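Letters go in sequence order (proteins before strands), and every chain restarts at 1. Note that the coordinates shown come from a computational prediction; the quantities given were computed from them, not determined experimentally.
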Amino acid sequence: MKLFTQKLLQQPQVCFDTETTSLDPLEANLVGLAFSWEAHKGFYISLPEDQEETSEILSELKAFFQHEGIEKVGQNLKYDLKVLHRYGIEVKGPCFDTMLAHYLINPDMRHNLSVLSETYLNYTPIAIETLIGKGKQKISMREVALDQQVAYAVEDADLCFQLAQQFKTELAAAGNESLFVDMEAPLLRVLAGMELEGINLDVAFLNELSVTLDKDILQLEKDIYEAAGETFNIASPKQLGDILFGKMQLVEKPKKTKTGQYSTAEDVLSYLAKEHKIIADVLAYRGLAKLKSTYVDALPLQVSAQTGRVHTDYMQTVAATGRLSSNNPNLQNIPIRTERGKQIRKAFIPRDQEHLLLAADYSQIELRIIAALSEEDNMIAAFKEGADIHAATAAKVFNVPLESVSREQRSHAKTVNFGIIYGVSAFGLSNQTDLSRAESKALIDTYYESYPKLKAYMNSQVNFARENGYVETVLGRRRYLKDINANNAIVRGAAERNAVNAPIQGSAADIIKLAMIAVQKALDDQKLRTKMLLQVHDELVFDVYKPELEQVKALVKSAMENAFTLTVPLDVELGVGENWLEAH
DNA sequence: GAAGTCACG
DNA sequence: ACGTACGTGACTTCA
């Protein structure tokens with residue numbers, strides 16, 4: 001063991017891979033460790049079931065894992081870091097994660113090791129199912145014969161090591177080394193820390209909510225069955241459509257889905273809700289049922305038995321634009337828009353009486369980015385003055401003084417401002433507002449006349465994509481758009497909207513990622529007890545140790561606003577409270 | 001496992 | 001004349 005560690009310490013770069021008993025890092029026990037630092041070669045250390053013995057063996061490897069000078073190569077290193085953390089090992093030194101590297105090389109592809117091996121090494125690795133089976137028959141890696149463990153684990157480490165060499169070349173070719181080294185790789189550690197920390201959930205409060213929701217759901221159910229003249233499954237779109245549009249014939253020409261069913265989607269039903277009480281009831285039922293099943297009843301089941309807290313898993317290689325995603329549970333789509341939904345936010349609370357939740361939101365970051373990138377002076381000026389951007393837009397497009405902009409005008413301007421980022425059409429806008437197609441078209445035309453450089457910028461992005469096959473963010477994160485020159489106008493249109501949207505959404509993602517790294521560094525440097533817990537695209541949430549509140553507020557605001565310099569200032573709004581709703 | 005729906009930014 | 005706003009994840013139904 002000593003000799004092996006000595007050997008490891010002589011390498012500039014080592015790939016390692018953990019074999020464990022669970023995909024959940026908080027539950028996973030180590031079964032073995034594979035290493036490779038030379039193509040086609042590797043080693044496997046089998047670890048005993050006795051956790052104390054395993055810890056002793058690991059302590060012999062600490063010098064390697066904690067060595068700042070040795071690059072650690074791996075596939076999805078966030079997982080391995082989290083597992084090793086539970087054994088008291090903090091992995092140090094640069095991380096080269098092949099999954100992350102490939103995400104930068106081509107974000108729209110998949111990034112699992114078998115796909116990567118097949119694509120880049122022309123080799124299909126042993127599938128894990130051949131060892132542990134799948135579904136009900138699945139066994140633990142611990143029960144797999146040692147020779148099979150070795151073959152599988154060493155192969156993975158070897159392939160990963162080989163892929164790393166290729167990906168370094170590819171990253172350099174695209175000019176994405178810094179994006180990897182200075183952003184995605186450091187972020188992996190930040191995310192691991194946030195996930196291990198988890199957030200406190202008021203389960204008793206959610207259980208009370210569940211009871212009151214249930215009462216209201218049952219009442220709505222009763223009313224719906226009465227109006228329908230029969231009982232049926234309201235949650236079945238098929239049955240619901242047959243009742244509303246087949247049996248009751250509430251409209252003459254019901255909209256259908258692509259499979260020929262009656263559509264019962266929200267935007268279809270909400271048109272009819274005023275005329276038919278049953279439809280209003282169905283919408284209310286759906287809303288409450290969604291809250292109950294997806295959040296109120298599901299979240300308490302996600303509280304870890306190990307920590308008593310909720311630990312999401314941030315996916316760093318899923319969203320094609322560079323955003324994170326969150327799952328098991330998804331903490332990036334907790335309700336906030338409706339009154340009933342807001343109640344759920346109250347269940348996210350500080351870790352104890354000595355802490356408060358702090359929420360820090362970028363204000364209008366995507367609009368600021370499009371203003372800066374397009375160099376649209378009218379919009380830039382509005383942001384520099386700290387104006388209400390939607391009101392300022394309304395004043396321009398409706399040609400009225402700022403102070404006489406009506407609520408309705410502001411609301412329409414807001415819809416267009418958001419729509420622009422997505423590449424809205426007159427049809428889309430008229431669907432989102434009470435405006436007709438013609439009114440929508442006029443509004444969009446006036447919008448571009450008011451902000452002429454915006455339109456020029458959007459065209460330039462499409463042209464760039466046509467010529468280069470990709471678009472990029474402020475930090476050079478690429479998204480390839482293979483359909484940008486397609487003959488099919490629908491397919492091409494979608495690619496053109498992506499050409500505009502991806503750099504905007506992706507640049508916002510770049511900026512908050514830089515901010516997260518800066519904030520974490522500041523928290524570490526200043527040796528604070530405050531923890532960063534959540535990221536929701538343009539928002540960060542913290543468990544703040546009360547005595548640190550003023551220091552942390554200043555630090556977070558400054559780190560976020562200065563994460564990246566645009567020709568438009570970035571603005572961060574802070575909120576503090578006894579729960580996530582209050583912190584908004 | 002696909003389809004439909006709906007929660008968020 | 002065409003179809004129609006970007007990016008996600010989770011739940012339920014149903015074949």
Side-chain angles (χ1 to χ4, degrees), chain A residues 107-108 232-241 256-270 282-283 285-299 301-302 312-315 317-338 340-342 344-345 361-367 370 415-433 437 440-441 444 471 479 487-506 508-509 512 534-539 580:
Chain A
D108 280 286
F232 63 100
N233 189 343
I234 309 166
S236 163
K238 188 175 180 302
Q239 294 181 38
L240 178 64
K256 302 236 178 141
T257 67
K258 59 185 167 203
T259 55
Q261 275 186 54
Y262 295 121
S263 171
T264 66
E266 210 252 355
D267 58 339
V268 173
L269 294 192
S270 48
V282 165
L283 286 171
Y285 170 92
R286 282 235 188 104
L288 299 187
K290 173 97 178 177
L291 294 181
K292 186 168 189 289
S293 67
T294 307
Y295 305 100
V296 176
D297 290 349
L299 284 170
L301 303 177
Q302 296 272 2
T312 187
D313 190 1
Y314 288 106
M315 301 282 108
T317 61
V318 170
T321 54
R323 273 191 177 184
L324 299 177
S325 79
S326 156
N327 65 24
N328 298 310
N330 183 353
L331 297 185
Q332 290 181 323
N333 74 345
I334 302 302
I336 193 161
R337 291 172 189 171
T338 67
R340 272 331 248 290
K342 280 181 179 175
I344 292 162
R345 290 220 167 201
D361 280 70
Y362 278 112
S363 162
Q364 310 294 354
I365 188 165
E366 294 193 352
L367 273 180
I370 201 170
T415 310
V416 191
N417 271 334
F418 282 120
I420 289 306
I421 294 168
Y422 306 144
V424 75
S425 63
F427 177 89
L429 185 62
S430 68
N431 266 346
Q432 287 294 315
T433 61
R437 284 274 279 280
S440 297
K441 183 175 183 322
I444 292 170
V471 287
R479 182 170 186 190
N487 288 319
N488 183 324
I490 296 153
V491 173
R492 190 176 63 245
E496 287 170 358
R497 290 193 294 275
N498 280 331
V500 174
N501 176 264
I504 306 299
Q505 192 181 116
I512 196 167
L534 305 177
Q535 190 253 41
V536 193
H537 310 306
D538 62 359
E539 172 187 8
W580 196 4

Go through [options] for me and flag the one nearest to the [X] side chain.
| X | options | answer |
| --- | --- | --- |
| A:A265 | B:dC6, C:dC6, C:dT12 | B:dC6 |
| A:K290 | B:dC8, B:dC6, B:dA3 | B:dC6 |
| A:I490 | B:dG9, C:dG3, B:dT5 | C:dG3 |
| A:R479 | C:dA5, C:dC6, C:dC11 | C:dC6 |
| A:H537 | B:dG9, B:dC6, B:dG4 | B:dG9 |
| A:P237 | B:dG9, C:dC6, B:dG4 | B:dG4 |
| A:R345 | C:dG9, B:dG9, B:dG4 | B:dG9 |

Does anything in residues 323-333 of chain A come within less than 4.0 Å of DNA chain B? Heavy atoms only, and list the residues if so.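 Residues of residues 323-333 of chain A that come under 4.0 Å of DNA chain B are, in numerical order, A:R323, A:Q332, A:N333.
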Figure out the [atom1]/[atom2] separation between [X] and [N], and round it to whole Å.
| X | N | atom1 | atom2 | answer |
| --- | --- | --- | --- | --- |
| A:Q261 | C:dA15 | CD | P | 9 Å |
| A:D313 | C:dA10 | CG | C1' | 15 Å |
| A:E496 | C:dC2 | CD | P | 19 Å |
| A:N498 | C:dT4 | CG | C1' | 14 Å |
| A:Q239 | B:dT5 | CD | P | 14 Å |
| A:L429 | C:dC6 | CG | C1' | 15 Å |
| A:D267 | C:dT4 | CG | P | 12 Å |
| A:E366 | B:dC8 | CD | P | 17 Å |

With rounding to the nearest 0.5 Å, note down the distance linking [atom1] in [X] to [atom2] in [Y].
| X | Y | atom1 | atom2 | result |
| --- | --- | --- | --- | --- |
| A:L269 | A:T264 | CG | OG1 | 5.5 Å |
| A:D297 | A:K292 | CG | NZ | 4.0 Å |
| A:T415 | A:N431 | OG1 | CG | 12.0 Å |
| A:I365 | A:I370 | CD1 | CD1 | 13.5 Å |
| A:T321 | A:N501 | OG1 | CG | 7.5 Å |
| A:S425 | A:R437 | OG | CZ | 7.5 Å |

Taking only the side-chain nitrogens and oxygens of [X], find out if one of them lies under 4.0 Å from OP1 or OP2 of [N].
| X | N | answer |
| --- | --- | --- |
| A:R337 | B:dA7 | no |
| A:S236 | C:dC14 | yes |
| A:T264 | B:dT5 | yes |
| A:Q535 | B:dG9 | no |
| A:T294 | C:dC11 | no |

Which whole number of Å gives the distance between the P atom of B:dT5 and that of C:dA5?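 Straight-line distance between the two P atoms is 16 Å.
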Euclidean distance for P, B:dA3 against C:dT4 (whole angstrom):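 The answer is 16 Å between these two P atoms.
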Just checking [X]: base, sugar-phosphate only, or nothing, at a heavy-atom cut-off of under 4.0 Å?
| X | result |
| --- | --- |
| A:A298 | sugar-phosphate |
| A:A319 | sugar-phosphate |
| A:N233 | sugar-phosphate |
| A:V318 | sugar-phosphate |
| A:A320 | sugar-phosphate |
| A:E539 | nothing |
| A:I421 | nothing |

Can you tell if the side chain of [X] reaches within under 4.5 Å of the side chain of [Y], non-hydrogen atoms only?
| X | Y | result |
| --- | --- | --- |
| A:I444 | A:L429 | yes |
| A:Y295 | A:N330 | no |
| A:R286 | A:L240 | yes |
| A:L331 | A:L299 | yes |

Given Watson-Crick and G-U pairs under 3.5 Å, DNA chain C in dot-bracket ([ ] crossing, | other strand) is .....|||||||||.
Are more than 12 heavy atoms from other residues, nucleotides or ligands located less than 6.0 Å from atom CG of A:N487?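 It does not: A:N487 CG has 12 such atoms or fewer within range.
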Closest-nucleotide mapping onto DNA chain C: is A:Q505 or A:S425 further toward the 5' terminus? I mean the 5' end.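 The residue mapped nearer the 5' terminus is A:S425.
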If you go through the side-chain atoms of A:R286, does one of them form a donor-acceptor pair with the base of C:dT12 closer than 3.5 Å?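 Between C:dT12 and A:R286, which were checked side chain against base, a qualifying N/O pair under 3.5 Å is absent.
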Suppose we screen for side-chain hydrogen bond (donor to acceptor under 3.5 Å, both in side chains). Which residues come up paired with A:T257, at least two apart in sequence or across chains?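 A:T259.
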